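Structure record follows, encoded as structure tokens.
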Amino acid sequence: MELQIKYYGMLAEISQCDEELLNFDGTTGADLLHFLIQKYPSFATKDIKVAQYNQIIDLGNKITSSEIALLPPFSGG
Amino acid sequence: MELQIKYYGMLAEISQCDEELLNFDGTTGADLLHFLIQKYPSFATKDIKVAQYNQIIDLGNKITSSEIALLPPFSGG
Amino acid sequence: MMDKKIKNVFREGAISSEFIANSIAKHQVKTNIGAHNIFLGQVRADELDGKQVEAIEYTAHVEMANITFHEIREETFEKFDLTCMHIYHSIGLVSAGEICLFVFVSSPRRKQVFKALEFVVEEIKAKVPIFGKEIFEDTTHQWKVNQ
Amino acid sequence: MMDKKIKNVFREGAISSEFIANSIAKHQVKTNIGAHNIFLGQVRADELDGKQVEAIEYTAHVEMANITFHEIREETFEKFDLTCMHIYHSIGLVSAGEICLFVFVSSPRRKQVFKALEFVVEEIKAKVPIFGKEIFEDTTHQWKVNQ
């Protein structure tokens with residue numbers, strides 16, 4: 001399926017874009033991370049959270065939204 | 001000895017003065033309170049602290065200063 | 001901090017929001033600070049027998065109170081890793097809705113400021129000889145007692 | 001509180017002391033309030049390899065962040081007896097010494113505000129998708145991580 005992936009903070013710096021459309025044929029959040037690490041090898045060293053519908057998902061959970069956010073560690077406040 | 005007694009808050013309202021000079025022939029803070037309750041009977045129902053040299057004393061302690069403060073419960077803040 | 005002079009903590013009447021803003025703005029040059037925590041005491045329009053508190057008139061054993069505030073400051077600086085601390089308390093008349101106590105603590109990191117501020121406020125309530133007379137709309141009054 | 005609309009917590013750039021003063025002044029009509037507690041996050045000029053942080057540039061997953069702020073508000077109102085609560089966070093550039101986070105809780109009595117404020121601040125640090133880029137004087141940068 002076609003996913004719109006949004007990158008935030010240091011991840012957008014690595015991907016050199018805020019968002020992109022990618023064809024993904026996996027199932028879970030873990031599959032998606034694995035797929036993206038092939039494109040951006042340095043993602044492997046980062047602590048990344050995957051969110052859909054404005055909520056972080058466990059990596060074992062299924063990707064069901066066509067819009068996914070990739071979040072590095074938070075540093076608000 | 002002659003003591004200058006300063007009254008604060010509700011105690012000044014009862015004594016109707018901020019301070020007065022009194023002749024006191026007792027020894028301790030408890031003696032002083034007992035002496036003042038004779039003059040102002042409603043002091044007996046109040047929770048009163050006795051201070052000298054800007055410090056609260058235990059009622060068993062000796063009065064050694066000629067200036068004594070009589071303090072009702074605190075309500076700052 | 002042991003040799004500092006005893007400051008006068010009291011301000012005549014209410015503490016204004018402009019005074020608080022000014023105090024916050026002054027800390028922007030202290031760029032080692034990462035966290036501020038501010039406590040404000042505000043006069044409540046409590047009701048008693050259908051009458052509302054209109055104002056509190058604060059009096060104090062001023063000399064003893066300032067010494068006690070000083071001791072609380074010293075103890076707080078010993079207990080917590082703070083960059084600075086400011087305390088202001090009203091004396092005289094403060095209307096319902098106005099600010100009567102302003103405590104301001106700052107630290108490089110946030111963990112310290114919460115505990116420090118609560119400690120300071122509880123110490124003030126328990127130890128400083130300040131007396132509040134709650135004045136009702138019909139000019140009767142009652143003496144406030146801290147819980 | 002459950003039906004309230006999602007508010008926008010973000011403010012472009014630093015939060016000024018005038019904005020904070022204005023927020024305090026607005027609460028003077030709420031005469032059931034007895035205690036306010038305010039947390040301010042200030043950008044620290046931390047040093048790394050002899051270089052100083054000059055500013056933090058904040059970005060966020062804004063939609064998710066505002067929803068998360070809303071959930072934190074709801075949970076805090078359920079846990080603590082508060083009269084009101086306000087949260088503002090900077091987005092964009094905030095210089096060292098300037099305020100980037102302003103959390104304001106108010107209650108009839110003081111005991112609740114200390115615990116409520118610490119809870120809110122810790123929740124924000126842990127759960128809200130905001131990202132701070134620390135910019136050094138030589139224009140190099142590093143990504144901030146909350147502890």
Side-chain angles (χ1 to χ4, degrees), chain C residues 14-47 52-55 83 95-111 113-122 124-125 146-147, chain D residues 14-47 52-55 83 95-111 113-122 124-125 146-147:
Chain C
I15 296 161
S16 71
S17 54
E18 292 77 19
F19 182 85
I20 296 162
N22 193 32
S23 194
I24 293 168
K26 276 184 195 157
H27 287 77
Q28 306 208 330
V29 294
K30 299 201 178 181
T31 54
N32 59 328
I33 291 173
H36 302 291
N37 200 352
I38 293 171
F39 180 86
L40 302 174
Q42 183 167 299
V43 172
R44 269 197 320 273
D46 279 350
E47 261 191 49
Q52 270 204 342
V53 171
E54 274 206 324
T83 309
S95 298
E98 291 186 321
I99 307 293
C100 57
L101 171 61
F102 170 29
V103 185
F104 188 178
V105 300
S106 309
S107 176
R109 286 183 167 73
R110 74 184 181 282
K111 301 280 180 193
V113 293
F114 297 111
K115 285 173 186 49
L117 186 69
E118 184 167 11
F119 175 78
V120 173
V121 173
E122 295 301 327
I124 292 172
K125 297 265 180 185
N146 280 348
Q147 276 139 12
Chain D
I15 296 163
S16 71
S17 54
E18 292 78 16
F19 182 85
I20 296 163
N22 194 33
S23 194
I24 294 168
K26 276 184 195 158
H27 287 76
Q28 305 208 330
V29 294
K30 300 202 176 181
T31 55
N32 59 328
I33 291 173
H36 302 291
N37 200 351
I38 293 171
F39 180 85
L40 302 174
Q42 184 167 299
V43 172
R44 269 198 319 274
D46 279 349
E47 261 191 49
Q52 270 203 341
V53 171
E54 275 205 323
T83 309
S95 298
E98 292 186 320
I99 307 293
C100 57
L101 171 62
F102 170 29
V103 184
F104 188 0
V105 300
S106 309
S107 176
R109 287 184 164 73
R110 73 185 180 283
K111 301 279 180 192
V113 293
F114 297 111
K115 283 172 189 49
L117 187 69
E118 184 167 10
F119 175 78
V120 174
V121 173
E122 294 302 327
I124 291 171
K125 297 263 180 186
N146 280 347
Q147 275 140 11

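Remember, predicted model here, so these are calculated numbers, not experimental data. Heavy atoms only: backbone and side chains are in, while hydrogens, waters and symmetry mates are out. Chain identifiers are assigned alphabetically (A, B, ...) following the order of the sequence lines, protein sequences preceding nucleic acid strands; residue numbering begins at 1 within each chain.
For D:Lys115, the NZ atom sits in a loose shell: 12 or fewer heavy atoms of surrounding residues, nucleotides or ligands are nearer than 6.0 Å.
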Could you list the donor-acceptor pairs under 3.5 angstrom formed by side chains in residues 33-41 of chain C, with sequence neighbours left out?
unit_1  : atom_1 : unit_2   : atom_2 : d
C:His36 : ND1    : C:Ser106 : OG     : 2.8
C:His36 : NE2    : D:Gln42  : OE1    : 2.6

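Taking CD of D:Glu47 as the start and CG of C:Asn32 as the end, the distance is 11.5 Å to the nearest 0.5 Å.
With respect to C:Arg110 and D:Glu122, a salt bridge is recorded, a charged nitrogen being found less than 4.0 Å from a carboxylate O.
Within the 4.5 angstrom heavy-atom criterion, atoms from both the backbone and the side chain of D:Leu117 approach chain C. If you measure heavy-atom distances from D:Val113 to chain C, the contacts under 4.5 Å come from the side chain alone. Contacts between D:Val29 and chain C at a heavy-atom distance below 4.5 Å are absent for every atom of the residue.
Chain D forms the most heavy-atom pairs under 4.5 Å with one residue out of C:Glu18, C:Lys30, C:Arg109, C:Glu98, and that residue is C:Arg109. With chain C as the partner, the residue from D:Gln52, D:Lys111, D:Arg44, D:Lys125 showing the most heavy-atom pairs under 4.5 Å is D:Arg44.
Within residues 21-28 of chain C, the residues having any heavy atom under 4.5 Å from a heavy atom of chain D are, by residue number, C:Ala21, C:Ile24, C:Ala25, C:His27, C:Gln28.
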